[in-house]
Amino acid sequence: MYKLPLLNPIRQLNAIAVLTSGGDSPGMNPAIRAVVRTALHAGIRVYGIQRGYSGLIIGDMEEMKSSDVSNIVQRGGTLLKSDRCKAFREPLVRKQAAAILQEKGIDALVVIGGDGSLTGAHLLATEHNIPVIGLPGTIDNDIYGTDDTIGFDTAVATALEAIDRIRDTALSHDSLFLVEVMGRNSGFIATQVGLACGAEMIVVPDFDTQVENICFQLAADHAAGRGSSGIIVVAEGQQAGLTYKLARQLESHGQKAKVCILGHIQRGGSPSGHDRVLASCLGTAAVSALRNGETDRMVGVSNGEMVTVPLEHVVNRNKPLNPQMVELVNILHR
Ligand code: ADP
């Protein structure tokens, strides 16, 4: 349960629009539903923009009724579809997007996506004075200014289900598995999953891990009679599949390991109860923030409360991973 922001409406809104952008995440649908139904409840018309900024720049949008978001609260992906739109990085294209919103009589925009999408939202708000509110929609939980993001909880649960199965094989064959989870620049998924599955170790891009140290720890575990099976959870880092390189390096040090890359299965699937509630509250809070006259801000979670944070403080910043959690993985598996 979250504490919702107080409603103190000072901005008159006739119509708003909503889009999902960047990598999809489970929970985007309940967020769209909450934006649409909260706005309609307040007498505000809502347009759903197709395929993120790609749809916005060509005016691909439809007015939504309450029934358009029926039966989506439990569905993964995004009803509005998502895309990566290179052109939106161009100032002239953003000018065109602002003109389209004005032409259609749309007073404000809600953007649901990750760091890149929120950067686009920030630029649209500052360059063209369009009221914009962002929602953190990414499985990576790597958005600065919020404790949680839409889809993280579901992605962790999906990865855990897979790893619990891999553990059966690891135990039966006394083998070591390197399981690669998503996380380009951050190890939030790897750390959460590592703690929850009782991993022997985690490898995250946030902290330097030497192959020699992994081998040393594995040898120490073996000497202490902990058996030779194990799970090392590896965040993908700069490129998916790099874990194969780590396996080769380990092999050159005499440690055999099998590799399993979880990949896109972590993105899909029905959102968890936690993500449905989070997304619903964030969607409602986004409409309240717009009605309260706010713009160029993201709605996030801080200590169980829905808060709004200036987008300029959110984008292009690294959310630090708590090193105590990484250390806890090492302590708890011994
Ligand atoms: P995510 O939002 O999941 O981080 P991306 O980084 O791919 O995903 O960004 C999604 C979209 O946001 C991009 O395709 C682009 O349309 C827009 N975007 C990203 N970075 C910028 C930027 N610097 N300026 C304007 N738009 C951007």
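Start at 1 and go down the list; that is how both ligands and their atoms are numbered.
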Check: Short N/O distance, under 3.5 Å, between K86 and ligand 1?
Finding: no
Does the [X] side chain pair with the main chain of [Y], one donor and one acceptor, at a distance under 3.5 Å?
X	Y	value
S270	Q74	yes
E200	I231	yes
S302	E305	no

Next item on the list: Report yes or no: do L4 and V307 belong to one cluster of Ile/Leu/Val/Met/Phe/Trp/Tyr joined by side chain heavy-atom distances under 4.5 Å?
Entry: no
Margin query: Counting only heavy atoms from other residues, nucleotides and ligands, does the tally under 6.0 Å from CD of E212 exceed 12?
Written below: yes
Per-atom contacts of ligand 1 with [X], taking only distances under 4.0 Å to non-hydrogen atoms:
X	result
R94	25 (C)
L123	24 (N), 25 (C)
G114	1 (P), 2 (O), 3 (O), 4 (O)
Y53	12 (O), 16 (O), 17 (C)

Identify, for [atom], the protein heavy atom at the shortest distance, and state residue, atom and that distance.
atom	result
atom 3 (O) of ligand 1	G23 N, 3.3 Å
atom 5 (P) of ligand 1	R84 NE, 3.9 Å
atom 11 (C) of ligand 1	S21 OG, 3.6 Å
atom 14 (O) of ligand 1	C85 N, 2.7 Å
atom 8 (O) of ligand 1	G22 CA, 3.5 Å
atom 25 (C) of ligand 1	F88 O, 3.5 Å
atom 2 (O) of ligand 1	S117 OG, 2.5 Å

Margin query: Which heavy atom of L80 sits nearest to which heavy atom of V18, and what is that distance?
Written below: CD1-O, 3.6 Å
Check: Which atom names give the shortest non-hydrogen contact between G120 and F88, and what distance separates them?
Finding: O-CE2, 3.7 Å
Margin query: Measuring from atom 18 (N) of ligand 1, which candidate in S82, G116, G137 has the nearest non-hydrogen atom?
Written below: G116
Check: For atom 23 (N) of ligand 1, which of D83, L56, T119, D140 has the closest heavy atom?
Finding: T119
Check: Could you go step by step and tell me if R167 and D164 meet the salt bridge (Lys or Arg N to Asp or Glu O under 4.0 Å) rule?
Finding: CA-CA 5 Å; R167 177 76 84 180; D164 288 347; over 6 Å; no
Next item on the list: Start with the C-alpha gap between V234 and I232, add the side-chain angles, then the distance that decides, and say whether side-chain contact (heavy atoms from CB on, under 4.5 Å) holds.
Entry: CA-CA 6 Å; V234 185; I232 299 182; 4.1 Å; yes
Margin query: In this structure, does ligand 1 have an atom that sits under 4.0 Å from one of the heavy atoms of T138?
Written below: no
Checklist line | Residue pair T38 / T284, side-chain donor-acceptor N/O under 3.5 Å | finding: yes
